[in-house]
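Just so it is clear: chains get the letters A, B, ... in the order the sequence lines come, proteins before strands, and each one is counted from 1.
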Amino acid sequence: MIEIKTPKDFNFKECLVFLGRSDQELLHKISDGYVFKLLKVEQELVLLKISYKNDALQVEFPMGNPTLDAQKMAAKYVVDWFDLDRDLFGFFEMARNDQMLQPVVSKYRGLRIIGIPDLFEALTWAIMGQQINLTFAYTLRKRFVERFGESVTFDGETYWLYPTFDRIAEIEVDTLKDLQFTARKAEYVIGVSRAMVNGELSRENLLKMEDYQQIHTYLTKLRGIGSWTADYVMMKCLHQSAAFPITDVGLHNAVRIQLGLERKPTLDELKEMAAGWTGWEAYAVFYLWRSLYV
DNA sequence: GTCCAGGATACTG
DNA sequence: CAGTATCATGGA
């Protein structure tokens with residue numbers, strides 16, 4: 001077992017609410033306060049059993065202890081997944097004086113952006129979610145994972161890995177259409193896979209840029225990646241706290257509900273509301289999304 | 001049956 | 001350049 005110290009403002013229960021938002025989720029399981037997550041590190045399958053105790057995440061390895069290197073990689077994944085390296089003080093200070101964020105932040109304080117550390121997963125999940133409702137997006141993802149992902153069954157439970165880009169790079173559009181992807185989405189997903197096989201597109205390369213605008217411009221040049229998808233990926237995978245998917249329908253609904261509006265806010269109204277969020281847009285959006293899950 | 005979903009692109013005037 | 005059609009299915 002390893003122990004990962006959590007920062008001062010960390011609320012595991014709130015993170016669990018987010019992780020448990022879909023009953024079609026198969027990339028992790030939540031049971032009795034534990035999160036189970038299968039990873040492949042250093043060529044070995046590693047099952048994590050994560051809980052929270054004594055201001056730390058406790059990570060157990062039910063399938064047996066992996067090598068020390070693999071344990072380190074797993075710990076890195078967890079830090080990344082729960083955004084543990086971030087100091088949220090600035091966000092809370094900003095939100096304190098924001099009429100819309102204040103109640104949301106006080107309600108869910110300690111929630112962190114639950115990320116998607118794998119770039120391929122972040123990009124393709126975002127593509128799957130374009131234009132359709134979340135329920136159907138999860139249906140698509142479930143089929144995608146069950147068809148192309150690797151799995152292991154342990155103690156009566158089956159755990160899945162997200163498919164890899166080299167696997168998807170070699171399939172055809174029609175194969176994804178069978179899973180009810182639109183032809184366009186199938187092309188986008190396969191296109192992204194092939195760009196990653198080339199090595200031109202990688203998380204490492206994107207993180208080297210370390211400038212919001214440069215990453216955004218690079219991503220939106222890829223077919224199927226518009227502004228919303230670029231911001232979503234920067235927010236969920238690249239730790240860009242200034243990423244702002246301002247056209248997001250979920251954001252619009254959350255704002256409408258928070259402000260008691262009968263209609264959705266306009267783009268100009270959103271820009272005005274968010275004027276003070278500078279540098280914390282991603283967290284503002286994530287907390288507003290959280291407000292939609294009861 | 002109608003309308004809208006965690007949008008993006010191709011086409012039209 | 002802005003506006004419109006298309007995708008393709010599920011859930012309310």
Asks: Is it true that the NZ or CZ of A:R290 lies under 6.0 Å from the centre of A:F18's six-membered ring and within 45 degrees of the ring axis?
Replies: no

Asks: For the backbone of A:V35 and the side chain of A:H28, can you confirm whether one donor and one acceptor N or O come within less than 3.5 Å of each other?
Replies: no

Asks: For A:P66, is there any backbone N or O sitting under 3.5 Å from a side-chain donor or acceptor partner on A:Q71?
Replies: yes

Asks: Which parts of residues 183-192 of chain A get close to DNA chain B, meaning a heavy atom less than 4.0 angstrom away?
Replies: A:R184, A:Y188

Asks: What verdict does the ring-ring contact (aromatic ring centres under 6.0 Å, His included) test give for A:F148 and A:Y162, after you've listed the backbone C-alpha separation in whole Å, the side-chain angles of each residue and the deciding distance to 0.1 Å?
Replies: CA-CA 8 Å; A:F148 302 108; A:Y162 199 76; over 10 Å; no

Asks: Using a heavy-atom distance cut-off of less than 4.0 Å, which residues of residues 280-289 of chain A contact DNA chain B?
Replies: A:W289

Asks: So does A:F89 have more than 12 non-hydrogen atoms from other groups sitting under 6.0 Å from CZ?
Replies: no

Asks: When the P atoms of C:dA8 and B:dC11 are compared, how many Å lie between them, rounded to an integer?
Replies: 15 Å

Asks: Set out, in order, the CA-CA distance, both residues' side-chain angles and the distance that settles ring-ring contact (aromatic ring centres under 6.0 Å, His included) for A:Y138 and A:W125, then state yes or no.
Replies: CA-CA 9 Å; A:Y138 271 105; A:W125 167 232; 4.9 Å; yes

Asks: Measure the CE-CG distance between A:M73 and A:L68 for me, rounded to the nearest 0.5 Å.
Replies: 13.5 Å

Asks: Taking atom types as modelled, find out whether A:T158 and A:S151 have a side-chain donor-acceptor pair closer than 3.5 angstrom.
Replies: no

Asks: List for me each residue that meets side chain to side chain contact (heavy atoms under 4.5 Å, CB included) alongside A:Y218, sequence neighbours excluded, and say none if there are none.
Replies: A:E200, A:L201, A:L206, A:M209

Asks: Could you tell me which non-hydrogen atom of A:A75 sits nearest to which non-hydrogen atom of A:I2, and how far apart they are?
Replies: CB-CD1, 3.7 Å

Asks: Report the distance from atom CZ of A:F244 to atom C1' of B:dG7, rounded to the nearest whole Å.
Replies: 17 Å

Asks: Going 5' to 3' along DNA chain C, between which two nucleotides do contacts with chain A fall, using a heavy-atom cut-off of 4.0 Å?
Replies: C:dT6 to C:dG11

Asks: If you measure only the distance, is there a donor-acceptor pair under 3.5 Å linking the side chains of A:R96 and A:Q102?
Replies: no

Asks: Is a donor from one side chain sitting under 3.5 angstrom from an acceptor on the other, for A:T266 and A:D268?
Replies: no

Asks: Just checking A:Q130: base, sugar-phosphate only, or nothing, at a heavy-atom cut-off of under 4.0 Å?
Replies: sugar-phosphate

Asks: If you pin A:T139 and A:F181 to their nearest nucleotides in DNA chain C, which one's is more 5'?
Replies: A:F181

Asks: Pull out every residue in residues 216-237 of chain A that has a heavy atom closer than 4.0 Å to any atom of DNA chain B, ordered by number, or say none.
Replies: A:L222, A:R223, A:G224, A:I225, A:G226, A:S227, A:W228, A:T229, A:Y232

Asks: What integer distance in Å separates A:D248:CG from B:dA8:C1'?
Replies: 15 Å

Asks: Tell me yes or no: between the side chains of A:E42 and A:T67, is some donor less than 3.5 Å from an acceptor?
Replies: no

Asks: Any residue in residues 15-30 of chain A with a heavy atom nearer than 4.0 angstrom to DNA chain B? Just list them by number, or reply none.
Replies: A:R21

Asks: Please check this pair: side chain of A:Y283 against backbone of A:I113, looking for a donor-acceptor N/O pair closer than 3.5 Å.
Replies: yes

Asks: Quick check: does any side chain N or O of A:K37 sit under 3.5 Å from a backbone N or O of A:L27, one acting as donor and the other as acceptor?
Replies: yes

